[in-house]
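Note sheet for the following structure.
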Amino acid sequence: MLIDAFYAAGLNFAPLSPHVSAELAKMLGPGSIVGNPLDAGFAAVVDPSVYMKSIKLMIDDPDIDIVIVDAELPKAPHELRERNLRIVNEMASQAGKPVIYISAMSIGFTEYTKGLRKSLPHLAVMQGMDRAVTAIKSLLAYAKLRKEVPDIVSSSKPAARAVLEKTLKSATGAALDEVASKKLLKAYGIPISKEAIAQTAADAVKIAKQIGFPVVAKLVSAEILHKSDIGGVVLNLNSAAEVKKAFADITARVAKLKGKPKLDGILIAQQVKAELELVVGASLDAEMGPVVLFGTGGIDIELMKDVALAGAPLDEAEARLLIGRTKAGVKMRGYRGRPALHGASAVKALVGLSNLIADAGDRIASIDINPFLINTRTGVAVDALIVLNNAAAKRAAGH
């Protein structure tokens, strides 16, 4: 149960050091499972002092950061168990690391148990496996935070800032269309998919052949922010005939929309095979200033709610820490035997995006890259929306 709860939270048990493993094997003998977590087996049943020595050995090991004991506190006076608890409490007072007792029961402590718990000031006693593991995960995340935040400044190049200024100066609507958004992202070093805009079906076929099938067709319009909602995205196009049909279908759908939004063309883009869909974003927070976001993206973004936030700009070290705070980050490292994904591209995207939102000052309200597709060889932004912090954007937000 303890192992399952840790895996569910995206945490893994590190192997015990060779020294501790050897000492435990010598002490416990047959019937025990020496590893992390440790099962002391028959030796602990026959001689409870062996169990206590095992805990002491792990508390004293400098390579072990947290000692977790999966056991129930007695509900009524129990001389041996109380004595053992007080011995472990004394060990914990000298440990310099957390020593945690996890009770699988989320409720049901008696008045006696509550009083006993108060008398063990150096032991953290947690109730409920899921809640306990969540608390431990939060403790680990806090330990990774930098206690002194460095004064990081944007590392963007002058050429990137020049593209930003030119783009913002020429923008007229509430948001940049996908082509303009991606041009700006590319200037800031954010990997994007191979793509080009087509004005005719013949152009679309030519671009698709240059990129290589399969491709994706997407409408381009600064007046339509959510393309998928109106059928403006067609996936898995594997031939010239399919590209022509997608071009005609999207054009027809846009022509039927109320308000007659301007269609600037159809984007023909490389369809990237993804092992994982990420979301990479940024926004201008009223209190915190520029903030970046990273997590699980695609259609699972609302379901998973697996995102982490950090102030901008970020350097590469800060970007890796941000990624590491998410379940997506765990999967990227190679989850349960699967190969590691191309984390460098996600780091590059986060650093570039954080520089962009920081350089923009108060002129960009938000940047949304969803999905950012990643596999073992690469990672690319396949969709992007940049909302401007101007009068047009504020009018659009009010509707």
Side-chain angles (χ1 to χ4, degrees), residues 163 166-167 170-173 175-280 297-299 342 345 348-349 367-386:
V163 174
K166 182 179 179 181
T167 302
S170 61
T172 56
L176 302 180
D177 65 36
E178 184 175 352
V179 174
S181 294
K182 284 184 175 175
K183 183 178 179 181
L184 186 51
L185 296 181
K186 187 176 181 179
Y188 272 80
I190 298 164
I192 65 169
S193 53
K194 296 176 185 176
E195 56 192 35
I197 192 168
Q199 299 299 334
T200 66
D203 285 343
V205 171
K206 182 179 178 181
I207 292 166
K209 288 179 177 178
Q210 289 172 344
I211 292 173
F213 295 104
V215 295
V216 180
K218 296 188 278 188
L219 70 86
V220 179
S221 173
E223 298 175 41
I224 303 173
L225 302 186
H226 301 290
K227 299 180 287 292
S228 298
D229 293 348
I230 55 98
V233 180
V234 183
L235 306 174
N236 300 312
L237 302 175
N238 288 290
S239 68
E242 290 180 1
V243 170
K244 285 182 180 178
K245 184 177 185 305
F247 189 99
D249 288 348
I250 293 173
T251 303
R253 289 181 192 124
V254 173
K256 293 177 182 177
L257 293 176
K258 293 179 180 179
K260 303 296 180 184
K262 180 185 177 186
L263 179 63
D264 298 315
I266 303 295
L267 189 70
I268 305 300
Q270 164 194 20
Q271 182 157 319
V272 179
K273 184 178 179 181
E275 298 291 336
L276 185 63
E277 293 189 0
L278 304 173
V279 59
V280 184
I299 60 173
H342 198 265
S345 60
K348 190 174 183 180
I367 307 170
D368 185 19
I369 302 174
N370 184 27
F372 185 94
L373 301 183
I374 188 169
N375 55 39
T376 57
R377 300 180 307 279
T378 188
V380 293
V382 297
D383 199 3
L385 173 63
I386 297 178

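Being a predicted model, the structure only gives us computed values, none of them experimental.
- Residues V234 and F247 are not in side-chain contact: their nearest non-hydrogen atoms beyond the backbone lie 4.5 Å or more apart.
- Looking only at side-chain heavy atoms (C-beta outward), L235 and V233 come within less than 4.5 Å of each other.
- A 4.5 Å side-chain heavy-atom check between S193 and K182 finds at least one atom pair inside the cut-off.
- Inter-residue side-chain proximity for D368 and V279 is flagged as met; some heavy-atom pair is nearer than 4.5 Å.
- Residues V216 and V382 form no side-chain contact, since every pair of their non-hydrogen atoms from C-beta on lies 4.5 Å or further apart.
- Checked options D383, L185, I386, I192; the residue passing with I369 is L185 (criterion: side-chain contact (heavy atoms from CB on, under 4.5 Å)).
- Among all heavy-atom pairs drawn from D264 and Q199, the shortest one is O-NE2, 2.9 Å.
- Annotation: side chain of L373 is not in contact with side chain of L278 (no heavy-atom distance under 4.5 Å).
- Residues L184 and V163 meet the side-chain proximity criterion, which asks for heavy atoms closer than 4.5 Å.
- We find that K218 and E195 are not joined by a salt bridge, their nearest charged nitrogen and carboxylate oxygen being 4.0 Å or further apart.
- Contact detail for N236 and E242: the closest heavy-atom pair is O-OE1, 3.4 Å.
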Quiz item: What's the verdict on side chain to side chain contact (heavy atoms under 4.5 Å, CB included) for V380 and S345, showing C-alpha distance, side-chain angles and the deciding distance?
Solution: CA-CA 7 Å; V380 293; S345 60; over 6 Å; no

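- Without hydrogens or angle criteria, K262 side chain to S221 main chain gives no donor-acceptor distance under 3.5 Å.
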Quiz item: Could you go step by step and tell me if I268 and D203 meet the side chain to side chain contact (heavy atoms under 4.5 Å, CB included) rule?
Solution: CA-CA 9 Å; I268 305 300; D203 285 343; over 6 Å; no

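- No more than 12 heavy atoms of other residues, nucleotides or ligands sit less than 6.0 Å from atom CZ of R377.
- Under the 4.5 Å side-chain criterion, counting only non-hydrogen atoms from C-beta, I266 is in contact with L263.
- The two residues G298 and P371 have their closest heavy-atom pair at N-CB, 4.3 Å.
- Between F213 and A208 the shortest heavy-atom distance is CE2-CB, 3.8 Å.
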